[in-house]
Amino acid sequence: MRVLGIETSCDETGLAVYDDQAGLLGHALHSQAGLHAEWGGVVPELASRDHVIRLIPLLREVFSSWPGPGKAPHPGPPPGGGRGGPPVDGVAYTAGPGLVGALLTGAAFARSLAWAWGIPAIGVHHMEGHLLAPMLERDAPGFPFLALLVSGGHTLLVHVHDLGRYEILGETRDDAVGEAFDKTAKMLGLGYPGGPAVAALALLGKPGAVEFPRPMTRRPGLEFSFSGLKTAVLRAVERAGDEEQARADIARGFEDAVIDTLAIKCARAIEQTGLGTLVVAGGVGANVRLRERLQRECECSGVRVCYPRQEFCTDNGAMIAYAGLQRLRAGAGDPPVFWARPRWSLDELSMTG
Ligand code: KG4
Ligand code: ZN
């Protein structure tokens, strides 16, 4: 089975084709970071309009990047050729959570293609895409596992029992961790998106020069809260003024506080569940120091840690193609209407819905 995946939930337009025999056949991505940078964050209306412009050229790009004779990294016939039928067997799109206008562009595009090709379309939960992204790698983890999902909109610890069986163990009460990175970047006068910019500045900071709290780590439980940390950063930025080293020390102190907090909660969740595999996914999972820290700690306690490759930590079409293929193969399917759910909890999923 071969599935086209379409991601348009926020500020990346991502398309990819995944084949259950040959693996990932091609993927293409357009980031809107440049478009939103001058506004200091994502402008939903601009995001939707840009997805509409990008979808068709990206579809062409995915299909033309498809391996031709002699240069094939994967075996398999070219789209539309060889098999005589439609280029794929199904279309998966991100149906939520996300910006509703942005989601609807992908939903309408996916449904139209599926209708034209006479194949099924399926709406996929964006966070299920993130949590299955390590399955795109060669050394994919097996079920069950613990997932730390850290993105711009979510901070979740999930007990992944099986495909479609997700038990949320803890989540944030306020800001998501990626959001905290983005707000810290803004306070430090860095660009959008903030995560990579804060991480780069933190490399120049002195460890321990500025200490921030590790929120909710002293009390039991697996909940998170990052809004207090944001306020502490604001106060430190006001004190630091324009002094370059002081700003780098704040970035370092902030990143250390976030990494410590996430590591403490992961260790607690591993102890609580007895799970032997940790999957880290979502945009913040691209953070190199977070990856190194969790890798080190997990090695010490004999837990296997799995990440998607860096480019599949942030939003992409490959994870949606993969998740959609698993659902279609398990017999799931949507009625022929297009739909999107801007708010949608991961633990409402099952393999039939
Ligand atoms: O998963 P994602 O691409 O989109 C959502 O589903 O939200 O995550 C985007 C978030 C942004 O908040 C961005 O600042 C953060 O991931 N991010 C990072 C890094 N790269 C992206 N945060 C920390 N360090 C990074 N290297
Ligand atoms: Zn995401």
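Here the structure is a predicted model, which means the values were calculated and not measured. Positions are given from 1, in the same order as the sequence printed here. Whatever order the structure lists them in is the order used to number ligands and atoms, beginning at 1.
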Checklist entry - Looking at Asp315, which of its N, O or S atoms is the nearest one to the Zn ion (ligand 2)? => result OD1

Checklist entry - Any side-chain heavy-atom pair from Leu346 and Glu128 closer than 4.5 angstrom? => result yes

Checklist entry - Are any of the N/O atoms in Pro193 less than 3.5 Å from those in ligand 1? => result no

Checklist entry - Do you know the tightest heavy-atom contact between Leu156 and Glu171? => result CD2-CB, 3.4 Å

Checklist entry - In the protein, what heavy atom is nearest to atom 18 (C) of ligand 1, and what distance, to one decimal place, separates them? => result Gly195 CA, 3.5 Å

Checklist outcome for this item: Quick note on ligand 1: atoms under 4.0 Å from a heavy atom of Gly153 include exactly 7 (O)

Checklist entry - Quick one: does Cys10 get a heavy atom under 4.0 Å from ligand 1? => result no

Next on the checklist: Within ligand 1, which atoms have a heavy atom of Thr314 less than 4.0 Å away?
Outcome noted: 3 (O)

Checklist outcome for this item: Looking only at protein heavy atoms, what sits closest to atom 20 (N) of ligand 1 is Gly283 O, 3.5 Å

Next on the checklist: Give me the residue, atom name and distance of the protein heavy atom closest to atom 14 (O) of ligand 1.
Outcome noted: Asp182 OD1, 2.7 Å

Checklist outcome for this item: Note: ligand 1 atoms sitting under 4.0 Å from heavy atoms of Gly178 are 12 (O)

Next on the checklist: Are more than 12 heavy atoms, taken from residues, nucleotides or ligands other than Glu271, located less than 6.0 Å from that residue's CD atom?
Outcome noted: no

Checklist entry - Below 6.0 angstrom between ring centroids: does that apply to Tyr166 and His125? => result no

Checklist outcome for this item: atom 2 (P) of ligand 1: closest protein heavy atom, distance to 0.1 Å, is Asp315 OD1, 3.3 Å

Item to check | Carboxylate-amine/guanidinium contact Glu179 Lys183, below 4.0 Å | outcome: yes

Checklist entry - Given the rule in the side chain to side chain contact (heavy atoms under 4.5 Å, CB included) test, do Tyr93 and Leu103 qualify, once you have shown the distances and angles that lead to the verdict? => result CA-CA 9 Å; Tyr93 65 94; Leu103 291 167; over 6 Å; no

Next on the checklist: Does ligand 1 come near enough to Gly152 that some N or O of the ligand is less than 3.5 Å from an N or O of the residue?
Outcome noted: yes

Next on the checklist: Among all the protein's non-hydrogen atoms, which is closest to atom 24 (N) of ligand 1, and how far away is it?
Outcome noted: Asn287 ND2, 3.0 Å

Item to check | More than 12 heavy atoms from other groups under 6.0 Å of CD1 on Ile56 | outcome: no

Checklist entry - Does an N or O anywhere in His126 fall below 3.5 Å from an N or O of ligand 1? => result yes

Next on the checklist: Set out, in order, the CA-CA distance, both residues' side-chain angles and the distance that settles ring pair (Phe, Tyr, Trp, His ring centres under 6.0 Å) for His51 and Phe109, then state yes or no.
Outcome noted: CA-CA 10 Å; His51 287 309; Phe109 189 61; over 10 Å; no

Next on the checklist: Against ligand 1, does His154 come closer than 4.0 Å with any heavy atom?
Outcome noted: no

Checklist outcome for this item: One finds that the ligand 1 atoms under 4.0 Å from a non-hydrogen atom of Pro196 are 19 (C), 20 (N), 21 (C), 25 (C)

Checklist entry - If you measure from the Lys or Arg side-chain nitrogens to the Asp or Glu carboxylate oxygens, is any gap between Arg247 and Glu244 under 4.0 Å? => result yes

Item to check | Heteroatom distance test (Gly282, ligand 1): nitrogen or oxygen, under 3.5 angstrom | outcome: no

Checklist entry - Does the side chain of Arg304 come within less than 4.5 Å of Asp139's, by heavy atoms? => result yes

Next on the checklist: Would you say the Zn ion (ligand 2) has His126 as a near neighbour, meaning an N/O/S atom of that residue under 2.8 Å away?
Outcome noted: yes

Item to check | Asp175 versus Ser227, side-chain donor and acceptor atoms under 3.5 Å | outcome: no

Checklist entry - Charged N to carboxylate O below 4.0 Å: is that the case for Lys186 and Asp182? => result no

Checklist entry - With atoms numbered from 1 as shown, which atoms in ligand 1 lie under 4.0 angstrom from a non-hydrogen atom of His130? => result 1 (O), 6 (O)

Checklist entry - So does Asp162 have more than 12 non-hydrogen atoms from other groups sitting under 6.0 Å from CG? => result yes

Checklist entry - Below 3.5 angstrom, do we get any N/O pair linking Phe181 and ligand 1? => result no

Checklist entry - N/O/S of His130 less than 2.8 Å from the Zn ion (ligand 2)? => result yes

Checklist entry - Counting heavy atoms only, which of Ala281, Ser151, Ala133, Ala286 is nearest atom 5 (C) of ligand 1? => result Ser151

